[in-house]
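Throughout, protein chains are lettered first and strands after them, A, B, ... in sequence-line order, and every chain is numbered starting at 1. Source: prediction; values computed, not measured.
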2 protein chains.
Amino acid sequence: MNIGQAAAASGVSAKMIRYYESIGLIPKTVRTESGYRVYSDHDVHTLRFIRRARDLGFSVDQIADLVSLWRDRERASKDVKAIALDHVNVLERKIRELQEMASTLKHLADHCCGDSRPHCPILEELASEEPLPVHPKPDARFGTLRKT
Amino acid sequence: MNIGQAAAASGVSAKMIRYYESIGLIPKTVRTESGYRVYSDHDVHTLRFIRRARDLGFSVDQIADLVSLWRDRERASKDVKAIALDHVNVLERKIRELQEMASTLKHLADHCCGDSRPHCPILEELASEEPLPVHPKPDARFGTLRKT
DNA sequence: TGTAATCCTTCCAATCATGGGAAGGTCAAG
DNA sequence: CTTGACCTTCCCATGATTGGAAGGATTACA
């Protein structure tokens with residue numbers, strides 16, 4: 001299988017496959033006489049594993065750890081779980097950050113008439129010397145996202 | 001005022017001030033004879049405006065638009081509001097993506113005992129040929145985030 | 001068999017916002 | 001006058017990904 005076919009079969013672009021090889025996430029493949037990379041079904045399986053981990057937002061470093069645990073039949077599941085929960089924490093922190101931005105911004109936009117006149121609370125707020133008002137109150141709807 | 005003082009007063013690092021100047025987000029400043037950049041209170045005010053916009057996650061391009069609207073006394077507030085709401089949409093889309101990842105991952109982690117044995121549903125799922133199960137059901141808790 | 005289209009290769013560059021650091025000039029305090 | 005803290009420019013790195021150029025290989029079709 002050529003790299004293009006492996007890409008189509010795995011959902012990882014040929015560009016990324018070469019990149020993953022270059023950084024050592026996947027081993028160097030066999031080549032044909034003319035230098036073409038050759039992939040097996042097993043390689044494609046690994047690539048699909050990587051793509052799934054990537055779709056869950058894992059970093060390449062974490063994916064490397066996950067792949068190595070996947071290959072290791074003696075692994076402890078707690079090591080896998082630790083990586084996963086670590087990543088959940090990162091995701092949730094990021095989510096809270098973005099929610100805070102969105103909430104503040106929606107609040108500001110709600111108070112802007114959005115017509116053809118120049119008066120605009122959004123700009124006023126950005127230009128203000130006061131600390132940015134951390135959205136009215138951390139809406140209870142988001143409470144379920146807290147880690148507690 | 002030197003760049004370091006402007007940085008301290010605005011909360012934008014000296015590095016970033018130079019960068020913003022280089023990309024044209026802020027105009028080139030006056031220099032002393034020896035080449036030091038000189039900043040006025042007005043410049044610092046602009047920098048603070050930029051920092052606030054940045055803290056709300058606006059891109060540099062959007063910030064440039066916001067600054068230009070801020071400067072424009074003839075602006076229409078709807079132009080500002082449009083930028084803000086556009087950005088809210090981007091933020092909310094990103095939030096939903098991250099929530100989907102976190103939710104899927106938490107679900108997987110919940111089913112992993114996390115002990116010293118090798119069996120691990122997280123790895124099994126990543127290695128599976130099935131489509132990633134988009135978390136059990138788009139939990140109603142997140143429904144309020146939908147754009148409708 | 002010729003040729004054109006479609007692959008593949010490597011290498012380099014760009015993204016986005018930010019930080020690190022080197023080499024060297026400037027300034028203020030002691 | 002020296003020392004330390006500032007400033008200058010320039011280059012590099014991040015992370016994951018895409019784009020493209022130049023050139024070789026393979027394939028398909030007439």
Side-chain angles (χ1 to χ4, degrees), chain A residues 1-26 28-39 43-44 47-67 86-87 90-91 94 97-98 101, chain B residues 1-26 28-40 43-44 47-67 86-87 90-91 93-94 97-98 101:
Chain A
M1 209 184 308
N2 281 341
I3 198 171
Q5 295 162 316
S10 67
V12 180
S13 73
K15 281 274 190 195
M16 289 311 296
I17 296 176
R18 293 193 197 96
Y19 172 69
Y20 289 153
E21 182 188 303
S22 81
I23 62 172
L25 177 56
I26 55 179
K28 295 193 177 166
T29 61
V30 181
R31 303 278 189 129
T32 65
E33 285 182 9
S34 55
Y36 283 21
R37 289 171 179 83
V38 175
Y39 296 89
D43 295 328
V44 169
L47 286 170
R48 242 185 261 134
F49 180 100
I50 290 172
R51 195 178 73 84
R52 280 167 170 254
R54 195 195 58 183
D55 287 348
L56 287 173
F58 284 104
S59 70
V60 165
D61 276 359
Q62 285 173 315
I63 295 176
D65 291 344
L66 289 171
V67 169
D86 246 34
H87 185 47
V90 170
L91 288 173
K94 191 71 192 170
E97 282 176 25
L98 297 181
M101 293 177 188
Chain B
M1 209 185 309
N2 281 341
I3 198 170
Q5 295 162 314
S10 67
V12 179
S13 72
K15 280 274 191 196
M16 289 312 296
I17 296 177
R18 293 193 197 97
Y19 171 69
Y20 290 154
E21 183 189 304
S22 81
I23 62 172
L25 178 57
I26 54 179
K28 295 193 174 165
T29 62
V30 180
R31 303 277 189 129
T32 65
E33 284 182 9
S34 55
Y36 283 23
R37 290 172 179 82
V38 177
Y39 296 89
S40 66
D43 294 328
V44 169
L47 285 169
R48 241 186 261 133
F49 179 99
I50 289 171
R51 196 180 73 83
R52 280 167 171 256
R54 195 196 57 182
D55 286 348
L56 288 173
F58 284 103
S59 70
V60 167
D61 275 359
Q62 285 175 315
I63 295 176
D65 291 344
L66 289 171
V67 170
D86 244 33
H87 184 47
V90 169
L91 289 172
R93 188 171 337 119
K94 192 71 192 169
E97 281 176 24
L98 297 181
M101 292 178 187

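Comparing G35(A) and Y36(B), the nucleotide of DNA chain C nearest to each residue sits closer to the 5' end for G35(A). Sequence order on DNA chain D of the closest nucleotides to V38(B) and Y19(A) puts V38(B) first from the 5' end.
Heavy atoms of R18(B) sit under 4.0 angstrom from at least one base atom.
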Query raised in the report: Checking side-chain contact (heavy atoms from CB on, under 4.5 Å) for the pair I63(B)/Y20(B): CA distance, chi angles, key distance, verdict?
Result: CA-CA 11 Å; I63(B) 295 176; Y20(B) 290 154; 5.5 Å; no

Query raised in the report: Would R51(B) and D55(B) satisfy side-chain contact (heavy atoms from CB on, under 4.5 Å), going step by step from the backbone distance to the final call?
Result: CA-CA 6 Å; R51(B) 196 180 73 83; D55(B) 286 348; 3.0 Å; yes

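Between R18(A) and R37(A), some side-chain heavy-atom pair lies under the 4.5 Å cut-off. Proximity of F58(A) to D65(A): side-chain heavy atoms (C-beta onward) are nowhere separated by under 4.5 Å. Considering only heavy atoms from C-beta on, I26(B) stays 4.5 Å or farther from D43(B) through its side chain.
Note: CG (L56(B)) to P (dA17(C)) measures 15 Å, nearest angstrom. For the pair E21(B) CD and dT8(D) C1', the computed distance is 12 Å after rounding to whole Å. Protein atom CD1 of I17(B) is 12 Å distant from nucleotide atom P of dT18(C), rounded to whole Å. Here dT18(C) presents its C1' atom at 15 Å from CD1 of I50(B), a figure rounded to the nearest Å. Between I23(B) atom CD1 and dT18(C) atom C1' there is a gap of 12 Å when expressed in whole angstrom units. The CG atom of N2(B) sits 12 Å away from the C1' atom of dA28(C) (whole-angstrom rounding). In this structure, CE of M1(B) is placed 12 Å from P of dC7(D), rounded to the nearest angstrom.
With dT18(C), dC7(D), dT10(C) as the choices, the nucleotide that has an atom nearest any side-chain atom of Y20(B) turns out to be dT18(C). Here dT8(D) is the nucleotide among dT8(D), dT9(C), dC7(D) with the atom lying nearest to any side-chain atom of R31(B).
A salt bridge is defined here as a Lys NZ or Arg NE, NH1 or NH2 lying under 4.0 Å from an Asp or Glu carboxylate O, and K94(B) with E97(B) meets this definition.
Contact check, R37(A) against dC8(C): no side-chain N or O comes under 4.0 Å of OP1 or OP2. Dashed line: the shortest gap from a side-chain N or O of R54(B) to OP1 or OP2 of dT18(C) is under 4.0 Å. Residue S34(B) places at least one side-chain N or O under 4.0 Å from the OP1 or OP2 atom of dC27(C).
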Could you pull out the protein-nucleic contacts involving nucleotides 19-21 of chain C (nitrogen or oxygen on both sides, under 3.5 Å)?
| unit_1 | atom_1 | unit_2 | atom_2 | d |
| --- | --- | --- | --- | --- |
| dG19(C) | OP2 | S13(B) | OG | 3.2 |
| dG20(C) | N7 | K15(B) | NZ | 3.1 |
| dG20(C) | O6 | K15(B) | NZ | 2.7 |
| dG21(C) | O6 | K15(B) | NZ | 2.3 |

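Atom CG of L25(B) and atom CE of M16(B) lie 9.0 Å apart (nearest 0.5 Å). Taken from CD1 in I17(B) to OG1 in T29(B), the straight-line distance is 9.5 Å, to the nearest 0.5 Å.
Between the side chain of H87(B) and the main chain of L56(B), a donor-acceptor pair closer than 3.5 Å is present.
Heavy-atom minimum distance, A14(B) versus A7(B): N-CB, 3.6 Å.
For the segment residues 59-66 of chain A, no residue has any heavy atom less than 4.0 angstrom from an atom of DNA chain C.
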